[in-house]
**Q** 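Before anything else, here's the structure in question.
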Amino acid sequence: MRHWLLKSEPTSFGIDDLARAPRRTTTWDGVRNYQARNMLRDDMRRGDQAFLYHSSCDIPGIVGIVQITREGYPDPTAFARRHPHYDPDSVRAAPRWFMVDIRLQRKFTRVITLDELRAHAAKELQGLALLRPGNRLSVMPVTAPHWHFICALE
DNA sequence: GCCAACGTTGGC
DNA sequence: GCCAACGTTGGC
């Protein structure tokens, strides 16, 4: 099993929205970056786990764990002319953008803040993609040792 | 293929 | 609101 980290902005869709969703499940649509697309399309497997990370908010950090419940499939919002994520270059015969389905597994009892993660950047969390300067990817891999260390922080 | 301009992300 | 980072675009 592989581990991941997914970013979301809680003002548009956060962990509490996911908790209220039917079957605590949602489509992870709207990703429009090729590197992230490749991971959604090619690398994520049903049953993989991912941290949910809140960005662009008062206290950025990891807020819980989700499971991948459906592997990569074409993102239909790219086909919808009036949708904010519409991409005229993505057509049904040759979809450009992909998404997965996720289900909330567990909301953490507290936010594991970006500050707290950074405090371990030089040692236990060395190489964590989230802590790389200038990183803006909304989907990134997390190694098993990093995963377990972060879970233990809670 | 190069690279400047531009847009977006996201912490602060 | 600012700004650094960096992906994308498009002229050449």
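Note on naming: letters A, B, ... go to the chains in the order of the sequence lines (proteins, then strands), and numbering restarts at 1 for each one.
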**Q** Which residues pass the side-chain hydrogen bond (donor to acceptor under 3.5 Å, both in side chains) test with Tyr86(A), sequence neighbours left out?
**A** none

**Q** Identify every side-chain donor-acceptor pair in residues 91-98 of chain A under 3.5 Å, counting partners at least two apart or on other chains, and give the distances.
**A**
residue	atom	partner	partner atom	Å
Arg96(A)	NH1	Tyr34(A)	OH	3.3
Trp97(A)	NE1	Asp87(A)	OD2	2.7

**Q** Suppose the criterion is salt bridge (Lys or Arg N to Asp or Glu O under 4.0 Å): which pairs have a residue in residues 24-45 of chain A, not counting sequence neighbours?
**A** Arg32(A)-Asp75(A), Arg45(A)-Glu71(A)

**Q** Any pair with a residue in residues 140-154 of chain A that passes salt bridge (Lys or Arg N to Asp or Glu O under 4.0 Å), sequence neighbours left out, goes on the list, sorted by first then second residue, please.
**A** Arg106(A)-Glu154(A)

**Q** Just checking Arg32(A): base, sugar-phosphate only, or nothing, at a heavy-atom cut-off of under 4.0 Å?
**A** nothing

**Q** Please, which pairs that meet salt bridge (Lys or Arg N to Asp or Glu O under 4.0 Å) have at least one residue in residues 119-138 of chain A, sequence neighbours excluded?
**A** none

**Q** Can you pull the contact range of chain A along DNA chain B, 5' to 3', using atoms under 4.0 angstrom from its heavy atoms?
**A** dG7(B) to dC12(B)

